[in-house]
Amino acid sequence: MTPQPTLQLDIDAVLRSKAGSKARYIPGFVRNWLKRIVHQDELNTFLRRVGSMKGVPWLREALVELDIKIEVHGLDNLPACTDGQRCTFVSNHPLGGPDGIAIGRILGEHYDGKIKYLVNDLLMNLPGLAPLCVPINKTGKQSRDFPRMVEAAFQSPDHIIMFPAGLCSRRQQGVIRDLPWNKTFITKSIETHRDVVPIYFDGRNSDKFYRLANIGKRLGLKFNIAMLYLSDEMFKHRGDTFHVYIGRPIPWQTFDASRRPSEWATWVQQAVYAIPHTR
């Protein structure tokens with residue numbers, strides 16, 4: 001039997017899937033710029049090396065490829081979950097790439113791969129990561145299926161990993177911090193009786209990234225131009241060491257009617273940023 005070829009990242013195919021028939025009007029120099037800025041050739045070299053590897057082993061190899069080291073603090077705060085209890089793990093999102101890979105590897109190894117991310121649907125183009133993902137796309141047909149997909153994820157036996165800001169951190173008034181967190185993790189954790197485990201990831205992107213994000217915001221661009229540079233930022237972190245702080249689980253019963261879900265989300269966000277200072 002002929003072996004199946006390794007799936008590769010294909011920017012042209014991604015453009016066709018996102019822009020449809022309009023993709024043919026995108027100039028060649030724009031396509032080439034996109035391929036360079038997302039490091040298509042380097043990513044495909046990695047994908048060929050890992051072959052059909054998927055899930056947590058793929059995450060582990062991604063960190064090896066980037067030569068990124070992780071120092072974990074508070075590992076003993078992770079619930080044992082020997083009784084089948086499922087959790088929602090929420091974290092700040094300073095990097096938009098290595099932070100998600102690292103947290104997935106930490107939790108995936110601890111819980112024998114029983115994890116699922118809620119992530120941007122573009123990451124489904126990475127075949128080794130796709131089995132761990134519930135894709136989020138707020139436009140098009142998939143957006144109509146999103147509530148059903150989230151419900152299925154939270155009803156599953158897997159632990160859920162979320163970055164409730166939706167986007168990676170921005171610099172506002174000189175401070176690098178997540179945008180306000182979405183309340184979904186609160187409402188769904190209450191519904192499914194999942195304790196919430198806060199995680200703080202210590203890191204930041206380049207000044208160029210934050211300038212681009214702020215320029216896009218000032219211009220009122222609907223397209224998130226900074227997101228295009230996340231892959232470039234990821235490769236800039238090659239050889240870095242990051243610190244991850246795991247806080248104590250918050251029982252789902254904590255989120256009572258004394259506050260609105262959006263207020264509880266803000267409360268948890270503040271708790272996450274306090275973790276390194278309360279150890």
Side-chain angles (χ1 to χ4, degrees), residues 3-54 58-59 61-63 65-68 93-101 117-146 163 166-170 205-238:
Q4 292 295 314
T6 302
L7 292 173
Q8 299 283 281
L9 178 65
D10 185 343
I11 293 300
D12 293 319
V14 173
L15 290 173
R16 287 193 297 272
S17 70
K18 303 297 285 186
S21 60
K22 296 179 182 178
R24 66 178 182 272
Y25 299 115
I26 299 175
F29 74 89
V30 173
R31 293 171 182 266
N32 290 334
W33 171 76
L34 285 171
K35 292 173 185 177
R36 177 176 58 81
I37 206 65
V38 303
H39 294 253
Q40 176 175 282
D41 290 344
E42 288 172 270
L43 286 172
N44 282 336
T45 297
F46 166 70
L47 293 175
R48 285 192 294 271
R49 181 172 72 79
V50 297
S52 59
M53 189 179 293
K54 296 180 186 298
W58 189 94
L59 296 173
E61 285 302 311
L63 291 179
E65 177 72 18
L66 293 168
D67 190 26
I68 286 177
H93 203 18
L95 306 182
D99 44 0
I101 293 171
Y117 295 95
L118 268 67
V119 298
N120 188 294
D121 71 316
L122 287 171
L123 293 178
M124 299 300 286
N125 291 286
L126 296 173
L129 185 60
L132 299 177
C133 295
V134 176
I136 298 172
N137 178 1
K138 296 182 180 178
T139 61
K141 178 182 181 299
Q142 195 266 343
S143 65
R144 297 191 294 273
D145 295 334
F146 177 60
F163 300 95
L167 301 171
C168 66
S169 302
R170 299 294 193 256
N205 282 323
S206 70
D207 289 335
K208 176 183 178 180
F209 175 84
Y210 299 119
R211 284 197 299 268
L212 283 170
N214 287 332
I215 288 171
K217 181 180 179 181
R218 285 197 296 269
L219 294 176
L221 299 178
K222 293 183 179 180
F223 180 72
N224 183 4
I225 189 170
M227 186 177 68
L228 291 175
Y229 283 84
L230 286 178
S231 181
D232 192 48
E233 291 292 318
M234 178 175 69
F235 280 95
K236 287 179 181 177
H237 289 301
R238 181 168 262 158

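Numbers for residues simply follow the sequence, beginning at 1.
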(request) Please tell me if the side chains of I68 and R238 come closer than 4.5 Å, counting only heavy atoms from C-beta onward. (result) no

(request) Decide yes or no for C168 and L230: does some side-chain heavy atom of the first lie under 4.5 Å from some side-chain heavy atom of the second? (result) yes

(message) Could you work out, with salt bridge (charged side-chain N to carboxylate O under 4.0 Å, His left out) as the rule, every residue matching R36, not counting sequence neighbours?
(response) none

(request) Can you measure from CZ (F235) to CD (E42) and round to the nearest 0.5 angstrom? (result) 4.5 Å

(request) Applying ring-ring contact (aromatic ring centres under 6.0 Å, His included), name anything that partners Y117, two or more places apart in sequence or on another chain. (result) none

(request) Compare all side-chain heavy atoms of N205 with those of M234 and state whether any distance is below 4.5 angstrom. (result) no

(message) Do L228 and W33 make a side-chain contact, defined as non-hydrogen atoms from C-beta onward lying under 4.5 Å apart?
(response) yes

(request) May I ask you to test the H237-L66 pair for a side-chain heavy-atom distance under 4.5 Å? (result) no

(request) Test H39 against D232 for side-chain contact (heavy atoms from CB on, under 4.5 Å), laying out the working first. (result) CA-CA 7 Å; H39 294 253; D232 192 48; 2.7 Å; yes

(message) If the condition is side-chain contact (heavy atoms from CB on, under 4.5 Å), which residues does R211 pass it with, not counting sequence neighbours?
(response) D207, K208

(message) Among residues at least two apart in sequence or on other chains, which ones pass side chain to side chain donor-acceptor pair (under 3.5 Å) with D67?
(response) K69

(request) Look up atom OG in S169 and atom CG in D99, then write down how far apart they are to the nearest 0.5 Å. (result) 8.0 Å

(message) Could you work out, with ring-ring contact (aromatic ring centres under 6.0 Å, His included) as the rule, every residue matching F46, not counting sequence neighbours?
(response) W58

(request) Identify, with sequence neighbours excluded, every residue that meets salt bridge (charged side-chain N to carboxylate O under 4.0 Å, His left out) alongside E233. (result) K236

(message) So, using side-chain contact (heavy atoms from CB on, under 4.5 Å) as the criterion, who are the partners of Q40 when residues are at least two apart?
(response) I11, K35, V38, N44

(request) For the pair N32 (side chain) and V30 (backbone), establish whether a donor and an acceptor sit closer than 3.5 Å, ignoring hydrogens and angles. (result) no

(message) I'd like to know if the side chain of Y229 and the backbone of I37 have a donor-acceptor N/O pair within less than 3.5 Å.
(response) no

(message) Testing the basics here: between L129 and C133, what is the closest heavy-atom pair and its distance to 0.1 Å?
(response) O-SG, 3.3 Å

(request) Heavy atoms only: give me the nearest V50-E61 pair and the separation to one decimal. (result) CG1-CB, 3.9 Å

(request) Tell me, with the steps shown, if F209 and R170 meet side-chain contact (heavy atoms from CB on, under 4.5 Å). (result) CA-CA 9 Å; F209 175 84; R170 299 294 193 256; 3.7 Å; yes

(message) Within this structure, what is the CD1-CG distance for the pair I101 and L132, rounded to the nearest 0.5 Å?
(response) 11.5 Å

